[in-house]
Amino acid sequence: MAGPGHSVSTTGVIVGPRRQLAVKGDDMRVVVVGGGIGGVALAAGLRRRGFEVAAFDRDAEVAATGGYHITLDERAQSALRELVAPEIMERLLASASALRLRDRDAFWDRRGRFLGHGPDLSGDSGVDIDRITLRTLLAEAVGGDLHLGRTASAIGPAARLRRRL
């Protein structure tokens, strides 16, 4: 029975007010379909907490990700600290650039006329990080439980994840 401020999901996971998970009954095995930044972050966090995890992604390489960089505000950094080991977080932050050190963005119209500056970020604790670096470090945290070049074709108790050719 869940205590005050707790709820029990249909999977038997008790979610407490501090967002801590406790599994009832047998150990839980988790399959994560999609190995983008969110998928590998989830798999890394579950693995760090002792869950048996298998993450699958259709990309054949971790570096096959879209976008240039991503900004991690203090909330995102705090969430990542919960998901990965401290040494991975240190490497992640070492590869990032602090927003407070950047010049203010300038905006121009299509005719080249100056429109104004972006916000002053001198007091901002956010950082910019390369998406490939972020995904690579998260994939390292997942380790051999990340299966690349795989596409989920069915989900069910007896379903198998097959590689599409």
Side-chain angles (χ1 to χ4, degrees), residues 2 6-102 124-165:
H6 292 73
S7 62
V8 179
S9 73
T10 57
T11 60
V13 176
I14 299 174
V15 182
R18 301 188 87 194
R19 297 184 184 173
Q20 295 176 348
L21 300 178
V23 179
K24 293 173 63 179
D26 296 332
D27 291 335
M28 183 184 299
R29 295 185 315 227
V30 180
V31 174
V32 178
V33 178
I37 291 170
V40 290
L42 172 63
L46 290 169
R47 186 171 189 248
R48 185 170 184 214
R49 284 168 179 73
F51 288 90
E52 184 180 336
V53 177
F56 296 87
D57 193 74
R58 66 179 169 217
D59 291 340
E61 298 178 22
V62 173
T65 187
Y68 170 62
H69 68 88
I70 188 169
T71 300
L72 303 176
D73 64 10
E74 187 55 43
R75 292 173 301 164
Q77 292 174 54
S78 177
L80 282 170
R81 281 186 191 92
E82 295 291 321
L83 299 174
V84 298
E87 54 273 7
I88 290 180
M89 191 66 192
E90 286 176 31
R91 289 172 52 210
L92 181 105
L93 292 175
S95 71
S97 62
L99 294 179
R100 67 183 177 279
L101 301 178
R102 283 186 14 197
D124 196 306
S125 61
V127 295
D128 279 345
I129 184 163
D130 177 78
R131 286 177 181 267
I132 294 172
T133 301
L134 176 58
R135 191 174 182 210
T136 300
L137 289 172
L138 289 170
E140 183 179 312
V142 177
D145 296 328
L146 176 59
H147 307 280
L148 297 171
R150 302 289 176 102
T151 302
S153 58
I155 298 175
R160 295 178 187 255
L161 293 173
R162 294 182 295 234
R163 184 180 182 146
R164 273 194 204 164
L165 301 177

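Starting from 1, each residue takes its place in the sequence as its number. Quick caveat: nothing in here was measured; it's all calculated off a predicted structure.
Atoms OG and CG, on Ser78 and Asp73 in that order, are 10.0 Å from each other to the nearest 0.5 Å. In this structure, the separation between OH on Tyr68 and CD1 on Ile129 is 12.0 Å, given to the nearest 0.5 Å. Separating the CG atom in Leu134 from the CD1 atom in Ile37 is a distance of 4.5 Å, to the nearest 0.5 Å. With values rounded to the nearest 0.5 angstrom, Arg47 atom CZ is found 4.5 Å from Asp145 atom CG. Annotation: the span from Ile88 atom CD1 to Leu80 atom CG amounts to 10.5 Å, rounded to 0.5 Å. Put simply, OG1 on Thr136 and CD1 on Ile132 are 7.0 Å apart, with the number rounded to the nearest 0.5 Å.
For Arg131, the CZ atom sits in a packed shell: over 12 heavy atoms of surrounding residues, nucleotides or ligands are nearer than 6.0 Å.
Counting heavy atoms from C-beta outward, Leu92 and Met89 have side chains that approach closer than 4.5 Å. Counting heavy atoms from C-beta outward, Val40 and Asp57 have side chains that stay 4.5 Å or more apart. Using a 4.5 Å heavy-atom threshold, the side chains of Gln77 and Leu93 count as touching. Within the 4.5 Å cutoff, no side-chain heavy atoms of Val32 are placed close to those of Val142. You'll find the side chain of Glu61 stays beyond 4.5 Å of the side chain of Arg135, heavy atoms only.
Arg81 and Glu74 are joined by a salt bridge, as a carboxylate oxygen and a charged side-chain nitrogen come within less than 4.0 angstrom of each other.
With Arg49 contributing its side chain and Gly45 its backbone, the two residues share a donor-acceptor pair below 3.5 Å. Formation of a donor-acceptor pair under 3.5 Å by the Asp59 side chain with backbone atoms of Val62 is not found in this model.
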Legend entry - Leu137 vs Val84, side-chain contact (heavy atoms from CB on, under 4.5 Å): CA-CA, chis, key distance, verdict: CA-CA 9 Å; Leu137 289 172; Val84 298; over 6 Å; no
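Shown here for Thr133 and Ser95, the closest heavy-atom pair between the two residues is CG2-OG, 3.4 Å.
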